[in-house]
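The structure under discussion appears below in the form of structure tokens.
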Amino acid sequence: LEVVSVAFSAGYLSPVTSGIGIKDSGTVFMLMKHGVPFKNSLAIALTDRGIVTGICFGLGFLFGGELIRQEIKSRFKRRTRE
């Protein structure tokens, strides 16, 4: 719990979008502090980043995809003269 709390707090306080790099390095540091080897810590951090990014991308595509398609159609449809 400490690892996740510190890593997410560092990521949220970071000026970088989504705390990219900050959250991940915080996760690696905290896991190593608790005795997890570097390679395993890095694998866990990268897996976490991949899962979180994948879920957000998937949900955005799922719920926003149709809205984007509708907006593109409405902007590029030919206007008829009245």
Problem - The single option from T47, T53, I51 passing side-chain contact (heavy atoms from CB on, under 4.5 Å) against R49 - result: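 So the option named by the test is T53.
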Output a table of donor-acceptor pairs, distance under 3.5 Å, between side-chain atoms of residues 54-70 and any protein atom two or more places apart or on a different chain; print 'none' if there are none.
unit_1: E66; atom_1: OE1; unit_2: R69; atom_2: NE; d: 3.4
unit_1: E66; atom_1: OE1; unit_2: R69; atom_2: NH2; d: 3.2
unit_1: E66; atom_1: OE2; unit_2: Q70; atom_2: NE2; d: 3.4

Problem - L46: hydrophobic cluster co-members (side-chain, 4.5 Å) - result: V28, M32, F38, L42
Practice task
Apply side chain to side chain contact (heavy atoms under 4.5 Å, CB included) to the pair K23 and D48, showing each step before the final yes or no.
Solution key: CA-CA 10 Å; K23 178 186 166 290; D48 176 61; 2.3 Å; yes
Problem - Minimum heavy-atom distance A45-D24, with the two atoms named - result: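 Nearest pair, atom of A45 first, then D24: CB-O, 3.8 Å.
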Handout entry: Close side-chain approach of L31 and N40, heavy atoms under 4.5 Å
Key =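 With C-beta onward as the side chain, the pair stays apart.
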Practice task
Indicate yes or no for a side-chain donor-acceptor contact from S74 to the backbone of E71 under 3.5 Å, with no hydrogens or angles considered.
Solution key: yes
